[in-house]
Asker: 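The structure is given below, and queries will be raised subsequently.
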2 protein chains.
Amino acid sequence: MKKYQIIREDLKQKIQLGEYVEGDLLPSENELCSTYFITRTTARKALDELLKEGFIERKHGKGSVVRERRKSLGLLNVKGFSDAVGDNVRTVFLQKPVISSWSRSIHFPVSDAEKDMPCIYFERLRYVGDVPVMLESNWIADFGMTGIIESEFVEGSFFRTLSRNYSIEIIGSEQELRAEFASKEIAELLQVKIIAPVLHISVKFKTSQPKLNIYSELYCNTENYPIGNSYNI
Amino acid sequence: MKKYQIIREDLKQKIQLGEYVEGDLLPSENELCSTYFITRTTARKALDELLKEGFIERKHGKGSVVRERRKSLGLLNVKGFSDAVGDNVRTVFLQKPVISSWSRSIHFPVSDAEKDMPCIYFERLRYVGDVPVMLESNWIADFGMTGIIESEFVEGSFFRTLSRNYSIEIIGSEQELRAEFASKEIAELLQVKIIAPVLHISVKFKTSQPKLNIYSELYCNTENYPIGNSYNI
DNA sequence: TAGTGGTCTAGACCACGGT
DNA sequence: CCGTGGTCTAGACCACTAG
């Protein structure tokens, strides 16, 4: 483990555990240098990554400010998921993680290496209040994730589970977006009419483990809660 | 202008002008050091930014490899726009840049500072082959961009025009995505049925000039050409 | 083995923010 | 004014790639 990774993960965990909350200042670069016995270059590298991942903002002359805690599926946020608090947002498993075969519903091509492994599949429906807004189907190759099927996700997040229990990080994604008519099943699950337009997002999340990807197919009712996405260079 | 910005822009321009094409190796970090009289830290900073912006990949032990040239609207790519070559892709102005009033069609709130300035508006329709796939309406505050109305865009790109002529860079964006039924006008322009589902994307591009944003409303026919988006941490 | 990118040290000066 | 982040220098050692 590189030094900057250790510091990054330490700080990230403290943010995720609520030790630092939105608006708080992280230790200054010089403080990090003395606590971790590193130079500013290394401290800055760690902070740069937190910036890139959206955990902090940096204010010249002030410090590194913690941003809104990300509760969402990585890069995409359901507008309202982050704003709405507590009980307003619910996630229901339609299918808890199981070993399954690779589905043809996956839009992006699955590599042969992945196809040689078993596939773990799970499906969730996300609500804002009583309105189902996003149906989410996920597939990932089972490279030997002991316990993933039996146990709950860390803080309800699959990504955090991968990070904490298996040291796997999301390093990027590809997405394809389409506006479609809801199919009969999707319409029923999202409680919309069959001819309603839904947003279909196919995602391939790339992970720090080479050739290991997470494939997701999302169907969103964007009528009341559009999908948000922000990006800072 | 910071040193790393100069190097970044030099390299970016060479990529954009085709001096380096996909697969080519950029000068190594040490070569950049000697040509620009800088240290490796600075060279790496420039390359890091090109990496973040998607212009290069870096291969340990090999070098910095130029990636597919980005021809699109910043973060969003019409799948096919980058793959399709030359005449296959066309952009037609429905409205060349004009001074206009601030429209209520803009989804994101426009700041008072911007509203105090005149608004430049233009509208384009993008085709793949003979199929119109994206209608794009854009608004930006006119902070004194002399010549923007009279002259053509640099290489057909508004962003490149801002970069070359006014030293304004895109530093981030916020997006909201919705699946909607096409309105009558949109349906006609995109040559789809009125009840067809279209992807509506509202974008606020943040620029390096504080309080200057570009607002875009995009309507996409995703039936044959889904919208793509990729992201690397 | 030579050259490349990846990490890291130990400094320096500057611009910005709040006191 | 002091502490903060932003930029930059001048080195060092390591891991990877390819001839």
Side-chain angles (χ1 to χ4, degrees), chain A residues 1-11 15 20 23-67 167 169 171-172 206 208-211 232-233, chain B residues 1-12 15 20 23-67 167 169 171-172 206-211 232-233:
Chain A
M1 197 78 152
K2 276 74 172 155
K3 288 191 183 183
Y4 74 86
Q5 291 175 330
I6 294 171
I7 296 144
R8 183 195 64 200
E9 290 308 309
D10 274 12
L11 293 172
I15 293 171
Y20 296 109
D24 282 357
L25 284 175
L26 290 190
S28 76
E29 298 177 356
N30 284 317
E31 286 179 287
L32 290 175
C33 291
S34 40
T35 48
Y36 286 97
F37 305 103
I38 52 170
T39 52
R40 261 188 77 204
T41 312
T42 307
R44 282 184 65 77
K45 171 98 176 168
L47 292 170
D48 278 347
E49 302 221 332
L50 290 177
L51 175 69
K52 208 161 43 182
E53 294 174 29
F55 286 95
I56 61 170
E57 286 176 33
R58 303 174 93 182
K59 307 276 192 186
H60 195 166
K62 218 176 157 206
S64 298
V65 185
V66 175
R67 298 210 322 182
S167 289
E169 310 293 338
I171 59 168
K206 290 171 273 184
S208 49
Q209 182 137 319
K211 300 189 181 172
N232 288 299
I233 292 182
Chain B
M1 197 77 151
K2 276 72 172 157
K3 289 191 182 180
Y4 74 88
Q5 291 175 328
I6 294 171
I7 296 144
R8 182 195 64 199
E9 290 308 308
D10 274 11
L11 293 172
K12 190 186 295 184
I15 293 171
Y20 295 109
D24 282 359
L25 283 176
L26 290 189
S28 76
E29 298 177 356
N30 284 317
E31 284 179 288
L32 290 175
C33 292
S34 40
T35 48
Y36 285 97
F37 305 103
I38 53 171
T39 52
R40 261 189 77 203
T41 311
T42 307
R44 283 183 66 77
K45 171 98 175 168
L47 292 170
D48 278 346
E49 302 221 333
L50 290 177
L51 175 70
K52 208 162 43 184
E53 295 173 26
F55 287 94
I56 61 169
E57 286 175 33
R58 303 174 95 183
K59 307 275 191 185
H60 195 168
K62 224 180 151 199
S64 299
V65 185
V66 174
R67 299 209 324 181
S167 288
E169 310 293 339
I171 59 167
K206 289 171 274 183
T207 74
S208 48
Q209 181 138 320
K211 299 188 181 174
N232 288 299
I233 291 183

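Lettering follows sequence order; numbering is per chain, from 1.
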Asker: Heavy atoms, side chains only, cut-off 4.5 Å: are Val65(A) and Leu25(A) in contact?
Answerer: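 Yes, side chains in contact.
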Asker: Could you tell me which residues satisfy salt bridge (charged side-chain N to carboxylate O under 4.0 Å, His left out) with Lys2(B), sequence neighbours excluded, listed by chain and number?
Answerer: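 Partners of Lys2(B) by the salt bridge (charged side-chain N to carboxylate O under 4.0 Å, His left out) criterion come out as none, since no residue qualifies.
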Asker: What is the separation between atom CZ on Arg40(B) and atom P on dG5(C), rounded to the nearest whole Å?
Answerer: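 Taking atom P of dG5(C) as the reference, CZ of Arg40(B) is at 7 Å.
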Asker: Nearest 0.5 Å please: distance from the OG1 atom of Thr42(A) over to the CD1 atom of Ile7(A).
Answerer: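 That separation rounds to 6.5 Å.
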Asker: Could you tell me the separation between the SG atom of Cys33(A) and the OH atom of Tyr36(A), rounded to the nearest 0.5 Å?
Answerer: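 These two atoms lie 11.5 Å from each other.
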Asker: When rounded to the nearest 0.5 angstrom, what is the spacing between OG in Ser28(A) and CG in Leu26(A)?
Answerer: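 Here the interatomic distance stands at 10.0 Å.
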Asker: Does Thr41(A) reach a base, just sugar-phosphate, or nothing at all? Heavy atoms under 4.0 Å.
Answerer: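 Base: the residue Thr41(A), judged by heavy atoms under 4.0 Å, touches a nucleobase.
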Asker: Which part of the nucleic acid, if any, lies within reach of Ser28(A) when heavy atoms closer than 4.0 Å are counted: base, sugar-phosphate only, or nothing?
Answerer: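 The residue Ser28(A) makes sugar-phosphate contact but no base contact.
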Asker: What string of B, S and - do you get for nucleotides 14-19 of chain C, 5' to 3', when a contact is any protein heavy atom under 4.0 Å?
Answerer: -BBS--
Asker: How bent is the helix from dT1(C)-dA18(D) to dG18(C)-dC1(D), comparing axes over its five end pairs at each side, to the nearest 10°?
Answerer: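 Helix axis angle between the two ends: 10°.
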Asker: Quick one: label Leu47(B) by what it contacts on the DNA or RNA (base, sugar-phosphate, nothing), any heavy atom closer than 4.0 Å.
Answerer: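 Contact class for Leu47(B): none.
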Asker: Distance check needed: dG5(C) P versus Ile56(B) CD1, whole Å only.
Answerer: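 It is 9 Å, rounded to the nearest whole Å.
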Asker: Looking at residues at least two apart in the chain, or sitting in another chain, which of them share a side-chain hydrogen bond (donor to acceptor under 3.5 Å, both in side chains) with Arg58(B)?
Answerer: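 Partners of Arg58(B) by the side-chain hydrogen bond (donor to acceptor under 3.5 Å, both in side chains) criterion, ordered by chain and then number, come out as Glu29(B), Asp48(B).
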Asker: With a non-hydrogen cut-off below 4.0 angstrom, is Tyr36(B) in contact with a base, only sugar-phosphate, or nothing?
Answerer: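 Nothing, no nucleic acid heavy atom in range.
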Asker: Does some side-chain heavy atom of Leu11(B) sit less than 4.5 Å from a side-chain heavy atom of Phe55(B)?
Answerer: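 SC-SC contact between Phe55(B) and Leu11(B) ruled out.
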Asker: Does the side chain of Tyr20(B) come within less than 4.5 Å of Pro27(B)'s, by heavy atoms?
Answerer: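 They are in side-chain contact.
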Asker: Under a 4.5 Å cut-off applied to non-hydrogen side-chain atoms, are Ile15(B) and Ile56(B) in contact?
Answerer: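 Side-chain contact under 4.5 Å: yes.
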Asker: Which nucleotide span of DNA chain D, 5' end to 3' end, has atoms closer than 4.0 Å to non-hydrogen atoms of chain A?
Answerer: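 Counting from the 5' end, contacts occupy dG3(D) to dT7(D).
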Asker: State which residues pass side-chain hydrogen bond (donor to acceptor under 3.5 Å, both in side chains) with Asn30(B); sequence neighbours excluded, sorted by chain then number.
Answerer: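 Asn30(B) satisfies side-chain hydrogen bond (donor to acceptor under 3.5 Å, both in side chains) with no residue once adjacent residues are dropped.
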Asker: Both Gly63(B) and Phe37(A) contact DNA chain C. Taking the nearest nucleotide for each, which residue is further toward the 5' end?
Answerer: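 The residue closer to the strand's 5' end, by nearest nucleotide, is Gly63(B).
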Asker: Rounding to an integer number of Å, can you tell me how far Lys45(B) NZ sits from dG5(C) C1'?
Answerer: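 Rounding to the nearest Å, NZ of Lys45(B) and C1' of dG5(C) are 18 Å apart.
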Asker: Enter the distance from Asp10(B):CG to Gln5(B):CD here, rounded to the nearest 0.5 Å.
Answerer: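 Reported value, rounded in 0.5 Å steps: 12.0 Å.
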